[in-house]
Every structure is written in structure tokens, then in C-alpha cells.
Amino acid sequence: MARPVNVTVTGAAGQIGYALLFRIASGQLLGKDTPVRLRLLEITPALKAAEGTAMELADCAFPLLDGIDITDDAKTAFDGVNVALLVGARPRTKGMERGDLLAANGGIFKPQGEAINAGAAEDVRVLVVGNPANTNALIAQSHAPDVPAERFTAMTRLDHNRALSQLATKLGVSVSEITKMTIWGNHSATQYPDLFHAQVGGKTAAEAVNDQEWLAGNFIPTVAKRGAAIIEARGASSAASAANAAIDHIYDWVNGTPEGDWTSMAVPSDGSYGVPEGLISSFPVVCKDGKYEIVQGLEIDEFSRGLIDASVRELAEERDAVRELGLI
Ligand SMILES: NC(=O)C1=CN([C@@H]2O[C@H](COP(=O)(O)OP(=O)(O)OC[C@H]3O[C@@H](n4cnc5c(N)ncnc54)[C@H](O)[C@@H]3O)[C@@H](O)[C@H]2O)C=CC1
Ligand SMILES: O=C([O-])CC(=O)C(=O)O
């Protein structure tokens, strides 16, 4: 049996945490041969609830679960961490301005970035789920100068999976018949799900759909606003589907994307496709040998260009706002 991998989950007592931890412990994050040691980071008032979840994890008797530690101290939580899932964040509440939200999250992601810098394992991989995910990842990354920047990523895999599902339903095909879906930009309503490079039945998805009105007026807004639609329907934000996407993101990063396919991850831009260097923006990526690479050379038409630019502009504004607040 391989050596146990240290997986830290922040916000472990929250709703995504509850949907995520059991799947990690059962081997779905890293594979059926890899034991995991879980570290749960919570704020002090939520430690008791995290203990309850840990009791339930114990009651599952997962053979791959090597141990569980619970803490409210970021330094302890990230000491020796191999996979860091940063889920806990400060949600926007009534009357809160955008700047207040960014500042409150800065108070979470700055110390967590510092703790990752201080104690993480050499091979650490970080996925930020907590919103605003891309900018929270940027804050954490900027406080971890000794960790390679590309190890900090943010989650757009839920958007990617939502896009696959919407397209499959429209075309009456299985999601497994669709490859090369891409989400560009920010995990927000400005994101751009791209059907001009997705493939289905030997054509691009845009050709297979052959309905620009549906693509622009229905598909894109449905995917981009799906989070809000779930909140409206469920009375709570997406949790199981978000946990599922986090599992997919890390699993593919570690084990590779399937041959001939790619996935979407928000990663630090190297300037590809005109996205300013350093912004943590969603791109098509291929994962291999435990690393990801941004897919190069895709032709971007005027329609896609405008939508990618708009989402990237929003990311640049968020970066400028956190810079002004002294958070990066
Ligand atoms: N990127 C994506 O696609 C998605 C992101 N999200 C975001 O994920 C985040 C978590 O969602 P839920 O689990 O539903 O929220 P939740 O409110 O149920 O749980 C969040 C947990 O984080 C904890 N927390 C707060 N500050 C913390 C800190 N400094 N350290 C450790 N834990 C801390 C809270 O005590 C709480 O238990 C939210 O920001 C949500 O908007 C949700 C769905 C999709
Ligand atoms: O809006 C939220 O809090 C949840 C979210 O990110 C999503 O479902 O995409």
C-alpha cells in the first residue's frame, strides 16, 4: 500500500464538506490504492460539528482512511499537506458590498496561504472552492511565495460539468460522447462556456447544435447562472455537485485527463489567449504525469473573444480591488 496522502479540507463542517469528506475517505479523490489522512480546518465555533462529521467518518470504517485530525489552527491544518481543498469562505450577506466581501475573504485566504507556504509538502496541490474562488486563490497564492505559483488553482469544474450536461440534454446524447468542453474566465456569471471547440459525433458542438440563438441566449446564461438557479430551487447553494466537481478536479490533476480530451481548471495565466499573466482564470487544460498544461493554439473567433475578454476584465477588476485592500 502507498504512503498516506495528507488531504486538508477547510470549511469541513459546511455543506460541501459534508458531501466531500466521505468520498475522499472512500478513495474517490486519489484512487483505490491511496490511503488518506484527513485534516479538517474549521473556525472554533464549528469544531464540534466537525467532530460529529469525523465520528461519522469513523463509523464508515473506510479501509483507506488512515486518520482524521480536526483543528482551528491553519498552521496545524496545512503542516505536511499534499492536497489542500480550500472550501470554507465568507459568504456574501445582506448589505455587504463587494469590497467588504473581498476583505472578509482576504482575512481567511491570506493566513491560509501563509500556512501553506510555511508547512506544505513539496508536491502540494491547492484547489480553491470558496467564493470568489479565483480571487481567493490569487490571495492565497500571493502569500505563498515559496510554493510554485501553478500549484494554486480554483474550481470551474462544476461549470464544466454543468455545460456538459446541458449540451448532452439538448443534443439527446450521453455526456460521455462530448469531449473538449471549455469554461473560460471567472467562476461567476461572466464565465464563458465554449461550444466552438467542444466535440460531439465528429463535429464541433456549435455545429451539432446549429442554433446560435440557443447557444447565446439559452446555453451560456443557463450554465453561467446555474448556481443561482440551484439556490432558488433548493434554498441552499450547490453542495453535492460542488463536492463532485472538486473530486473530479483533483482526480484528473493527479491521474491525468483521458487521451484526446481536456478539462477546465482556473489556473495562473502564463499570458495564453491574451489573459494577463498571473490572473487565475479558467482555461482548457490537459493533465498528464501529475501536471497540467494550458491547451495551446485554439482559434478564438470574435464572438468567443468578446466573452472571454469580458470575464477576464472582471478578474482583473477583482485583482485590482484586492491589491487596493493590500491583500496581495
Ligand atoms: N467554485 C464553485 O464552483 C463553488 C463554490 N462554492 C462556494 O464554496 C463555499 C462553501 O460552500 P458551503 O460548504 O455550501 O458553505 P457553508 O456555509 O455550508 O460552509 C462553509 C464552512 O466554512 C467554514 N469556515 C468559514 N471560515 C473559515 C475559516 N477561516 N477556516 C475554515 N473554515 C471556515 C464555516 O464555519 C462553514 O462551516 C462558499 O464560498 C460557496 O459560495 C459553492 C458551490 C460551487
Ligand atoms: O453561488 C454560489 O454560492 C454557489 C456557486 O458558486 C455555484 O453553484 O456555482
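Starting from 1, each residue takes its place in the sequence as its number. We use all heavy atoms of the structure for the numbers below, so side chains are in, but hydrogens, waters and symmetry mates are not. Start at 1 and go down the list; that is how both ligands and their atoms are numbered.
When all heavy atoms of N244 and R23 are compared, the pair lying nearest together is OD1-NH1, 3.0 Å. Contact detail for A25 and L57: the closest heavy-atom pair is CB-CD2, 3.9 Å. Heavy-atom minimum distance, D33 versus P35: O-CD, 3.4 Å. The nearest pair of heavy atoms linking T34 to L30 is OG1-O, 3.7 Å. Heavy atoms only, all atoms of each residue included: R305 and I300 are closest at N-CG2, 3.6 Å. Contact between A245 and L158 at its shortest, heavy atoms only, is CB-N, 3.4 Å.
Residue R226 does not touch ligand 2, judged by heavy-atom distances below 4.0 Å. Contact annotation: for I230 versus ligand 2, there are no heavy atoms closer than 4.0 Å. When heavy-atom distances to ligand 1 are checked against a 4.0 Å cut-off, H187 comes that close only through its side chain, counted from C-beta outward. In S237, the part holding a heavy atom less than 4.0 Å from any atom of ligand 1 is the side chain. In I16, the parts holding a heavy atom less than 4.0 Å from any atom of ligand 1 are both the side chain and the backbone. With a 4.0 Å heavy-atom cut-off, ligand 2 is reached by the side chain of R162 but not by its N, CA, C or O. Neither the backbone nor the side chain of R157 comes within 4.0 Å of ligand 1, counting heavy atoms alone.
In terms of the salt bridge (Lys or Arg N to Asp or Glu O under 4.0 Å) criterion, R151 has no residue partners (sequence neighbours excluded).
Using bins of under 30°, 30° to 60° and over 60° for the plane-to-plane angle, the ring pair Y292/W253 lands in the perpendicular bin. Y273 and W184 have perpendicular rings, their planes meeting at more than 60° on a 0 to 90° scale where under 30° would count as parallel.
Annotation for ligand 1: atoms under 4.0 Å from non-hydrogen atoms of S238 are 43 (C). For ligand 1, the atoms lying closer than 4.0 Å to a non-hydrogen atom of V87 are 8 (O), 9 (C), 10 (C). Proximity to A242 (heavy-atom distance under 4.0 Å) selects the following atoms of ligand 1: 43 (C), 44 (C). Atoms of ligand 2 found under 4.0 Å from any heavy atom of S238, numbered from 1 in the order shown, are 8 (O). Remark: ligand 1 atoms within the under-4.0 Å shell around heavy atoms of A89 are 39 (O). Residue L158 has at least one heavy-atom neighbour below 4.0 Å for each of these atoms of ligand 1: 3 (O), 44 (C).
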Inset, instruction - Show your reasoning for whether salt bridge (charged side-chain N to carboxylate O under 4.0 Å, His left out) applies to E317 and R313. - result: CA-CA 6 Å; E317 284 164 14; R313 223 170 9 252; 5.4 Å; no

Legend entry - R157 vs S264, side-chain hydrogen bond (donor to acceptor under 3.5 Å, both in side chains): CA-CA, chis, key distance, verdict: CA-CA 6 Å; R157 184 59 175 263; S264 303; over 6 Å; no

Inset, instruction - Output, in order, the C-alpha distance, side-chain angles, deciding distance and verdict of side chain to side chain contact (heavy atoms under 4.5 Å, CB included) for K170 and D211. - result: CA-CA 11 Å; K170 169 74 173 171; D211 183 350; 3.9 Å; yes

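Taking distance alone, with nitrogen or oxygen atoms compared against 3.5 Å, G11 approaches ligand 1 more closely than that limit. The shortest N or O to N or O distance between S237 and ligand 2 is not under 3.5 Å.
Looking only at protein heavy atoms, the nearest one to atom 1 (O) of ligand 2 is I231 CD1, 4.0 Å. The nearest protein atom to atom 19 (O) of ligand 1, hydrogens excluded, is given as G14 CA, 3.2 Å; this is a heavy-atom distance. At the shortest separation from atom 41 (O) of ligand 1 among protein heavy atoms lies N131 ND2, 2.8 Å. If you check which protein heavy atom lies closest to atom 28 (C) of ligand 1, you get I43 CG2, 3.7 Å. Protein heavy atom nearest atom 31 (C) of ligand 1, with residue, atom name and distance: L41 O, 3.5 Å. Atom 3 (O) of ligand 2 has its closest protein heavy atom at N131 ND2, 3.7 Å.
For atom 6 (N) of ligand 1, a protein heavy-atom neighbour is present inside the 4.0 Å cut-off.
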Side chains of residues 7-16: which donor-acceptor partners sit under 3.5 Å, not counting sequence neighbours?
residue, atom, partner, partner atom, Å
T8, OG1, A77, O, 2.7
T10, OG1, V87, N, 2.8
T10, OG1, G88, N, 3.0
Q15, OE1, R234, NH2, 2.6
Q15, NE2, S237, O, 2.9
Q15, NE2, S237, OG, 3.2

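For the atom pair NZ (K32) and OG (S26), the distance works out to 5.0 Å, reported to the nearest 0.5 Å.
When the options S311, S282, P284 are evaluated for a side chain to side chain contact (heavy atoms under 4.5 Å, CB included) with I183, the one that passes is S282.
Of the candidates Q112, E42, Q15, it is E42 that places a heavy atom closest to atom 36 (C) of ligand 1. When the heavy-atom distances from atom 1 (N) of ligand 1 to I230, V129, D159, V128 are ranked, the shortest goes to V129.
A heavy-atom separation below 4.0 Å is found between A13 and ligand 1.
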